[in-house]
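Letters go in sequence order (proteins before strands), and every chain restarts at 1. Reckoned from all heavy atoms, side chains included, excluding hydrogens, waters and symmetry mates. As the structure is a prediction and not an experimental result, all values here were calculated from the model.
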2 protein chains.
Amino acid sequence: MSKGPTKIGIAAVERETGLPKDTLRMWERRYGFPQPERDEHDERLYPADQVEKLRLLKRLVDQGMRPGKLIEASIETLGEMLQARQAQTIDCPDAASRCNSIVELLRLHRSEELRRTLQQTLLKQGLQAFVVETVAPLNTLIGNAWLRGEIQVPEEHLYTEQVQNLLRSAINAQGGGQRPRVLLTTFPDELHVLGLLMAEALLVSEGASCVSLGTQMPIANIDSAARAGDFDIVALSFSAAFPGRQAVDGLTQLRAALPDGVALWAGGRAIAGRRDAIPGVSIITDIRETLSALEAWRNANAA
Amino acid sequence: MSKGPTKIGIAAVERETGLPKDTLRMWERRYGFPQPERDEHDERLYPADQVEKLRLLKRLVDQGMRPGKLIEASIETLGEMLQARQAQTIDCPDAASRCNSIVELLRLHRSEELRRTLQQTLLKQGLQAFVVETVAPLNTLIGNAWLRGEIQVPEEHLYTEQVQNLLRSAINAQGGGQRPRVLLTTFPDELHVLGLLMAEALLVSEGASCVSLGTQMPIANIDSAARAGDFDIVALSFSAAFPGRQAVDGLTQLRAALPDGVALWAGGRAIAGRRDAIPGVSIITDIRETLSALEAWRNANAA
DNA sequence: AACCTTATTTGTCCAGGACAAAAGGAGCTC
DNA sequence: GAGCTCCTTTTGTCCTGGACAAATAAGGTT
């Protein structure tokens with residue numbers, strides 16, 4: 001169980017928590033937390049528990065809470081707040097039990113069985129049902145387990161890889177289709193690719209013609225790519241971890257840049273909560289709505 | 001042609017070039033470059049050409065050059081140095097012409113034709129030849145075009161997506177096999193996934209049992225995952241953009257953590273140049289060597 | 001050439017000050 | 001009570017200039 005050094009420097013904390021060095025120093029100056037020790041040359045050394053608390057703080061702050069109100073709370077309290085705020089319930093009990101057993105495989109690192117089980121579920125359900133009734137609830141379940149600290153980075157990556165292989169195979173198997181032409185991507189700070197692949201899978205299986213640029217596309221480039229490729233729709237995906245404000249800002253900016261004839265769709269947990277609609281942007285709260293949005297577009301644009 | 005603002009702040013420069021704010025200020029203090037303008041509140045505003053030069057500087061410094069020697073050179077000179085240092089030639093003229101036409105499709109955003117062409121090439125060549133004779137030279141070609149500024153972010157992402165779809169389909173199609181069990185991943189700052197997929201494709205097609213954790217896995221987690229999963233080999237991939245020293249450091253650390261019985265393989269442009277061997281780590285200079293390394297392992301471990 | 005020692009270069013950290021953008025609240029009107 | 005404006009507090013980011021250790025180069029000796 002080789003763990004890293006128990007005390008880490010400020011640069012490492014920035015890497016691990018995503019909090020800039022300046023902010024770390026400022027919080028210390030203002031609130032007295034974190035309170036790192038110092039090494040022989042007076043440089044900050046953060047113990048693991050403080051880093052863990054910082055990680056939780058970051059997530060809550062990204063959700064719109066204010067650091068000043070949170071900073072005194074214990075790690076446990078913060079963990080509960082995160083769960084209360086994020087925990088999603090899975091409606092269908094059938095899906096829940098199926099997914100729970102998959103998470104169990106994941107936790108035990110049974111990678112081969114995991115692959116087989118996912119593969120079989122896909123074959124049995126078909127692509128659309130697989131995305132809606134298996135992948136979506138699994139994402140929620142795994143997100144919750146992650147918050148509770150029940151699964152770690154390697155498990156989460158393993159899951160992502162396996163699902164990615166399946167979805168990409170399925171997408172690849174369906175040849176490119178007709179209208180609408182959809183450009184899929186995410187904003188620069190968004191690394192999660194599954195939302196994008198789920199949407200692409202649904203759209204492609206309804207005969208839409210999709211081009212994905214993967215994650216992390218600068219806004220100016222999204223605009224130029226959309227113009228160059230004669231697209232009807234630009235679709236963006238936001239994971240739960242993505243800061244909501246940044247999403248709204250970016251969408252506003254992109255909407256202003258894009259030609260009027262191009263629709264802009266945005267989906268994912270980060271914006272699902274937002275009540276403030278952005279003019280000219282379609283918010284997709286649930287992955288299922290992707291299909292109705294497609295149908296609506298086709299009705300509106302029937303030549 | 002909506003381009004972003006022509007002058008950008010220090011945080012944006014850090015994001016775009018990868019140079020920390022502290023370093024940007026230090027270079028300015030020491031060398032007089034960059035020499036950003038200031039906005040009304042005395043904050044640095046970097047013009048686009050300085051940012052471009054910084055981007056080139058970063059790459060050269062990552063390769064081991066020293067900033068003090070480079071800082072006065074012009075953008076053109078720096079570009080030439082980069083090419084002289086990196087530019088790879090593609091040996092086989094047949095592969096070169098095939099790949100050039102693919103790059104042409106990419107540049108024209110002919111995504112559907114690109115998909116079809118790649119798909120057909122894969123079918124014609126078979127998986128192994130496709131990886132070795134098409135994907136590898138294409139990566140080189142596209143890397144060079146990128147250095148010359150001939151292709152942009154969206155093209156590069158589009159290419160990555162398409163190849164990823166193909167390779168993942170192919171990998172997914174081959175069921176999991178026998179020994180050795182190989183764990184594939186990259187270090188935290190490495191985002192490029194193609195090298196990993198290429199290696200996985202080659203290994204799987206020779207019947208090895210591969211588990212990929214995708215990119216960005218912290219070293220401590222690589223170690224624990226390798227122990228938990230009964231792996232024979234841990235394989236890491238490093239793109240040309242990855243700082244060579246960081247690769248060597250990380251490999252040394254990981255080697256020390258891993259049990260002796262587990263082999264450690266490292267491949268990719270970032271370490272291909274390094275002459276300094278790391279004890280207990282197999283350096284794979286060319287993607288083709290993956291196959292001979294596998295054969296060697298099987299010979300050595302024939303029970 | 002191989003090795004040790006000394007100089008130089010370079011990146012990262014620190015403190016503490018400043019201020020703008022965002023969020024919260026107070027008071028007002030309809 | 002919803003919507004509005006104006007004011008206050010909170011918060012993050014940027015600034016300067018100093019310090020120093022780690023990495024690299026250069027010089028000297030065997």
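If you find the closest nucleotide of DNA chain D to A:His41 and to B:Ile10, the one lying nearer the 5' end belongs to B:Ile10. Sequence order on DNA chain C of the closest nucleotides to B:Pro67 and A:Asp42 puts B:Pro67 first from the 5' end.
Of the candidates D:dG12, C:dA15, D:dC14, the closest approach to any side-chain atom of B:Glu43 belongs to D:dC14. Candidate nucleotides C:dG11, D:dT13, D:dT16 were compared by shortest atom distance to the side chain of A:Met26, and D:dT13 ranks first. Distances were taken from every side-chain heavy atom of A:Arg66 (C-beta onward) to each of D:dT11, D:dG12, C:dG11; the shortest belongs to D:dT11.
Distance B:Arg29 CZ to D:dA19 C1': 10 Å, rounded to the nearest Å. The interatomic distance linking A:Glu40 (CD) with D:dA19 (P) rounds to 19 Å, in whole Å. Distance, B:Leu24 CG to C:dG11 P: 10 Å, rounded to whole Å. Between the CG atom of B:Asp39 and the P atom of D:dT13 there is a distance of 16 Å, rounded to whole Å. The distance between atom CD of A:Glu37 and atom P of C:dC14, rounded to the nearest whole Å, is 14 Å.
Counting only residues at least two apart or on different chains, no salt bridge (Lys or Arg N to Asp or Glu O under 4.0 Å) pair has a member in residues 63-72 of chain B.
Using a 4.5 Å heavy-atom cutoff, the side chains of A:Leu54 and A:Pro34 are in contact.
In this structure, A:Arg30 does not reach the C:dG16 phosphate: none of its side-chain N or O atoms is under 4.0 Å from OP1 or OP2. When the side-chain nitrogen and oxygen atoms of A:Thr23 are compared with OP1 and OP2 of D:dT11, none of them lie within a distance under 4.0 Å. Distances shorter than 4.0 Å separate some side-chain N or O of A:Tyr31 from OP1 or OP2 on D:dT11. For the pair A:Lys21 and C:dC13, the criterion of a side-chain N or O lying under 4.0 Å from OP1 or OP2 is met. B:Arg25 has no side-chain polar atom (N or O) that falls below the 4.0 Å cut-off from OP1 or OP2 of D:dT16.
In terms of heavy atoms, A:Glu289 sits closest to A:Ser292 at O-OG, 3.0 Å.
Residue contacts shown for B:Asp22 include a base, since a base heavy atom lies under 4.0 Å away. Backbone-only contact: A:Arg44 has heavy atoms under 4.0 Å from sugar-phosphate atoms and none from a base.
A:Asp223 has a carboxylate O that lies under 4.0 Å from a charged side-chain N of A:Arg227, or vice versa, which qualifies the two as a salt bridge.
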